[in-house]
Amino acid sequence: MTETPIRTRFAPSPTGMFHVGGARSALFNWALARQRPDGRFVLRVEDTDAARNKPEWTEGIISALAWLGIHEEDPHFEGPYFQSAYADKHREAAEALFKEGRAYYCDCTREQVQERRGNPHLGYDGFCRDRGLEAGPGRALRFRVPDGGPTVVDDRIRGRVEFEHASIEDFVIARADGSPLFVLANVVDDVEMEITHVVRGEEHLSNTPKQQLLWQALGRTPPVWAHLPVIVNEKRQKLSKRRDKVALESYQEEGYLPEAMVNYLMLLGWSPGGDREIMPWSEMEPLFAVSDVNSSSAFFDEQKLRAFNGEYIRALNADEFVERCRPWLAPERVPWPEENFDEDVFAAIAPLAQSRVAVLSEIVPNVDFLFLDEPVEDEKSWSKAMKPGAGREMLAAALERFADPALPWEAGTLKGALEEIGASLGLKLGKAQAPVRVAVTGRTVGLPLFESLELLGRERVRERLRAALAKLERDASASA
RNA sequence: GCCCCCAUCGUCUAGUGGCCUAGGACGCCGCCCUUUCAAGGCGGUAACGCCGGUUCGAAUCCGGUUGGGGGUACCA
């Protein structure tokens with residue numbers, strides 16, 4: 001079997017934060033390119049809309065791709081290319097199309113076009129087709145769409161899609177100022193870069209007949225087309241930067257692992273088949289096929305992403321977990337004084353937190369009591385655990401018991417001690433530990449208590465018990 | 001309006017004419033474990049939009065219908 005060369009491309013425009021939809025397209029293209037020894041994934045930044053582009057968006061795209069594992073050190077990666085650098089090529093192509101009669105100049109204003117149609121929804125009527133206009137100010141270049149028949153797009157995902165030429169207007173390929181439009185620039189670049197597979201979002205499907213016509217007019221065989229289903233929100237609308245949480249960066253920021261994100265994204269519209277979902281990229285990559293991609297839209301379910309992320313976090317070994325938490329423990333992101341942090345203490349508590357965080361940023365509220373001077377104040381937790389009952393007695397008795405130097409300061413014996421105190425007050429351990437937990441950590445839920453006490457140390461624990469008792473005292477006299 | 005796409009549990013999907021009294025995962029609900037909360041274990045809830053064909057047989061093929069969605073710029 002001969003290996004046909006595969007050159008895929010990913011062509012984002014830097015007009016905003018990098019999108020999860022873009023990430024999925026990139027991943028699909030990446031898999032395709034990596035499946036062949038000579039396969040290439042071309043990154044082309046479509047920066048021709050100067051008004052909306054910003055350099056930081058371009059940076060964002062490149063770093064987000066790298067985060068997903070798509071980076072320039074990989075031999076399959078090519079680029080980044082910048083569309084703005086190819087403006088000459090675009091102009092040449094436009095010129096050639098004009099010379100060959102495949103395109104013509106038109107000086108109609110939008111108002112004139114609408115006036116003639118009498119309906120704002122009807123497109124251009126071909127008024128200037130045979131007026132023989134030359135290039136000049138106020139004249140845009142339009143592509144002459146063939147008169148009869150259809151253009152048939154052979155889509156790998158959707159099959160055969162037919163567009164009657166009668167329903168395609170003579171579209172503009174270059175503005176009056178000579179600058180090319182997306183539909184032209186995109187095709188010229190794809191031709192130039194010898195792209196063989198165009199795998200992109202479904203929103204481009206209606207551009208495709210126009211682009212296919214352009215490929216043919218340029219004397220080239222069109223690429224393999226594949227239009228991916230759109231990713232939608234809970235209202236089943238295409239994800240939008242304005243109303244939906246779509247920035248890959250925001251997920252990264254929350255502590256989603258790239259491997260979990262990649263895994264989840266690959267499953268939006270595609271499935272490796274069978275009953276497996278959690279699967280590393282290395283296994284998915286060779287299994288991926290565009291022809292297996294679904295054609296119906298997919299909801300971006302953050303809950304499921306979270307579940308996947310939890311799976312990946314739990315699969316980490318203890319050291320890796322500590323390592324991966326590090327960025328979220330950086331001084332500028334953390335509520336405790338920098339000098340209070342202790343590597344060893346964190347490493348000791350981390351295994352207890354590992355199964356309790358779904359995203360890495362959650363590590364902070366889980367361990368903050370160890371490094372804060374005083375536990376956080378959470379009124380709801382406080383009133384729940386300290387409400388009239390044995391709370392006060394528990395704290396007082398614990399303070400007393402913990403003072404005994406003969407009591408070894410270690411989780412097992414601390415548990416025994418609290419159990420005894422609880423029993424003497426007629427409380428099971430579940431009830432007995434609550435006031436102590438709140439006094440020491442500030443919260444009603446948290447990591448296993450006795451290990452936490454052990455790590456915090458006898459003195460600090462007693463200090464917090466004393467402080468809680470004092471607060472109880474104040475509350476009592478205030479309400480009296 | 002016009003062009004185009006789509007249609008299996010709430011969600012992501014498996015399924016490519018008989019293996020389907022439709023499988024998995026997330027969610028949800030029980031139970032177990034348990035110092036809180038997770039994790040884990042066990043069990044449960046829940047779907048082929050509708051109507052017609054084709055066929056011995058249809059989730060799978062065809063037509064229609066309904067309902068969603070995308071596009072409709074001298075944006076990308």
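Because the structure is a prediction, the values reported are computed rather than measured. Just so we're on the same page: letters track the sequence lines, and every chain starts at 1.
- A:G269 comes within contact range of the sugar-phosphate backbone alone, with a heavy-atom separation under 4.0 Å but no base atom that close.
- When the side-chain nitrogen and oxygen atoms of A:R276 are compared with OP1 and OP2 of B:A14, none of them lie within a distance under 4.0 Å.
- Within 6.0 Å of CD in A:E249 there are 12 or fewer heavy atoms belonging to other residues, nucleotides or ligands.
- One finds a side-chain N or O of A:R314 lying less than 4.0 angstrom from the OP1 or OP2 phosphate oxygen of B:G40.
- Residue-level contact check: A:S355 touches the bases, meaning some heavy atom is under 4.0 Å from a base atom.
- With both pairing distances under 3.5 Å, B:C19 is matched to nothing as a Watson-Crick or G-U wobble pair.
- Shown here, B:C26 forms a base pair with B:G10; the pair counts as Watson-Crick or G-U wobble because both key distances fall under 3.5 Å.
- Residue A:R236 has a polar side-chain atom (N or O) positioned under 4.0 Å from OP1 or OP2 of B:C12.
- For B:A14, its base never sits under 3.5 Å from the side chain of A:S271 at any donor and acceptor pair.
- Note on A:L449: a base of the nucleic acid sits closer than 4.0 angstrom, heavy atoms only.
- When distances run from any side-chain atom of A:D275 to the nucleotides B:U35, B:G23, B:C74, the shortest one goes to B:G23.
- Look at the C1' atom in both B:U16 and B:C75: the space between them is 40 Å, to the nearest Å.
- Rounding to whole angstrom units, CD1 of residue A:I173 and C1' of B:A73 are separated by 15 Å.
- A:G273 comes within 4.0 angstrom of no nucleic acid atom, judged by non-hydrogen atoms across all strands.
- For B:C12, neither phosphate oxygen OP1 nor OP2 lies less than 4.0 angstrom from any side-chain nitrogen or oxygen of A:K304.
- Closest to the A:E311 side chain, of the nucleotides B:G40, B:A76, B:C6, is B:G40.
- Taking atom NZ on A:K54 and atom P on B:A76, their separation rounds to 18 Å, with Å as the unit.
- Between A:D189 and A:R9 there is no salt bridge, since none of the side-chain N atoms of the basic residue sits less than 4.0 Å from a carboxylate O of the acidic one.
- The separation of B:C48 from B:C56, taken at their P atoms, amounts to 27 Å, rounded to a whole angstrom.
- If you check every strand for non-hydrogen atoms under 4.0 Å, A:T48 touches sugar and phosphate atoms only.
- The side chain of A:S206 lies closest to B:G71 when the candidates are B:A76, B:G71, B:U36.
- In this entry the distance linking CZ of A:F182 with C1' of B:U72 reads 14 Å, nearest Å.
- The nucleotide B:C61 finds its pairing partner in B:G53, both defining distances of the Watson-Crick or G-U wobble pair being shorter than 3.5 Å.
- When the nearest nucleotides of RNA chain B are assigned to A:P12 and A:E164 by heavy-atom distance, the more 5′-ward of the two goes with A:E164.
- The side chain of A:L205 lies closest to B:C5 when the candidates are B:C5, B:C37, B:C74.
- Comparing the same atom, C1', in B:A46 and in B:G27 gives a spacing of 11 Å after rounding to whole Å.
- Note that CG of A:N294 is 9.0 Å distant from CD1 of A:I157, once rounded to the nearest 0.5 Å.
- Residue contacts shown for A:A434 are absent, as no nucleic acid heavy atom lies under 4.0 Å away.
- Checked against the 6.0 Å centroid criterion, the rings of A:H204 and A:F182 qualify as a close aromatic pair.
- Pairing of B:U36, defined by two Watson-Crick or G-U wobble distances under 3.5 Å, is not identified with any nucleotide.
- Between A:K235 and A:G159, the residue whose closest nucleotide on RNA chain B is further toward the 5' end is A:G159.
- Using Watson-Crick or G-U wobble geometry with both donor-acceptor distances under 3.5 Å, B:C2 finds its partner in B:G71.
- Taking both residues in full, the closest heavy atoms of A:G126 and A:Y104 are given as CA-OH, 3.7 Å, listed atom of the first, atom of the second, then distance.
- Counting non-hydrogen atoms under 4.0 angstrom, A:Q354 reaches nothing in the nucleic acid.
- At a threshold of 4.0 angstrom between heavy atoms, the contacts of A:L447 include nucleobase atoms, whether or not backbone atoms are also involved.
- The distance from atom CD1 of A:I157 to atom P of B:U16 is 20 Å, rounded to the nearest whole Å.
- Counting only heavy atoms from C-beta on, A:R142 has its side chain closest to B:C74 among B:C74, B:A76, B:G70.
- Within a heavy-atom distance below 4.0 Å of RNA chain B, the residues of residues 292-303 of chain A found are A:N294, A:S295, A:S296, A:S297, A:A298, A:F299, A:D301, A:Q303.
- Side-chain atoms of A:E277 and base atoms of B:G24 include a donor and an acceptor less than 3.5 Å apart.
- Of the candidates B:C26, B:A76, B:U35, B:A76 carries the atom nearest the A:H204 side chain, counting heavy atoms from C-beta on.
- With distances taken from any side-chain atom of A:R175 to the nucleotides B:C74, B:U36, B:C3, the minimum falls on B:C74.
- Straight-line distance between the C1' atoms of B:U66 and B:A25: roughly 30 Å, to the nearest whole Å.
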Which is it for A:K245 and A:E254 under the salt bridge (Lys or Arg N to Asp or Glu O under 4.0 Å) test, yes or no, and what are the steps along the way?
-> CA-CA 12 Å; A:K245 178 178 160 192; A:E254 269 184 67; 2.4 Å; yes
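- Going from atom OH of A:Y264 over to atom C1' of B:C12 covers 6 Å, rounded to whole Å.
- Ring centroids of A:W270 and A:F28 are separated by 6.0 Å or more, keeping the two rings apart.
- Here the nucleotide nearest the side chain of A:E46, chosen from B:C5, B:A76, B:U36, is B:A76.
- One distance of note links CD1 of A:I173 with CZ of A:R144; it measures 11.0 Å at 0.5 Å rounding.
- Computed from coordinates, the A:E234 CD to B:U11 P distance equals 12 Å when rounded to whole Å.
- Under 3.5 Å, the side chain of A:R437 and the base of B:U35 form at least one donor-acceptor pair of N or O atoms.
- Only the C1' atoms considered, B:G17 is 29 Å distant from B:U11, to the nearest whole Å.
- Regarding contacts with the backbone of B:A25, every side-chain N or O of A:R306 stays at 4.0 angstrom or more from both OP1 and OP2.
- Taking atom CD of A:E169 as the reference point, atom P of B:G1 lies 19 Å away to the nearest angstrom.
- What separates CG of A:N309 from P of B:A39 is a distance of 13 Å, to the nearest Å.
- Using a 4.0 Å cut-off, some side-chain N or O of A:K238 falls inside it from OP1 or OP2 of B:G71.
- Across B:C61 and B:G44, the matching P atoms stand 31 Å from one another, rounded to whole Å.
- Considering CZ of A:F171 and CD1 of A:I168, their distance stands at 7.5 Å, rounded to 0.5 Å.
- Judged purely by distance below 3.5 Å, without hydrogens or angles, the side chains of A:D244 and A:N233 pair a donor atom with an acceptor atom.
- Rounded to whole Å, the separation between the C1' atoms of B:A58 and B:A22 comes to 13 Å.
- In this structure, A:W225 and A:H227 have parallel ring planes: the angle between them is below the 30° cut-off, well short of the 60° mark.
- The residue A:H227 sits apart from the nucleic acid: no heavy atom pair falls under 4.0 Å.
- A salt bridge does not link A:E451 to A:K415: none of the charged side-chain nitrogens sits closer than 4.0 Å to a carboxylate oxygen.
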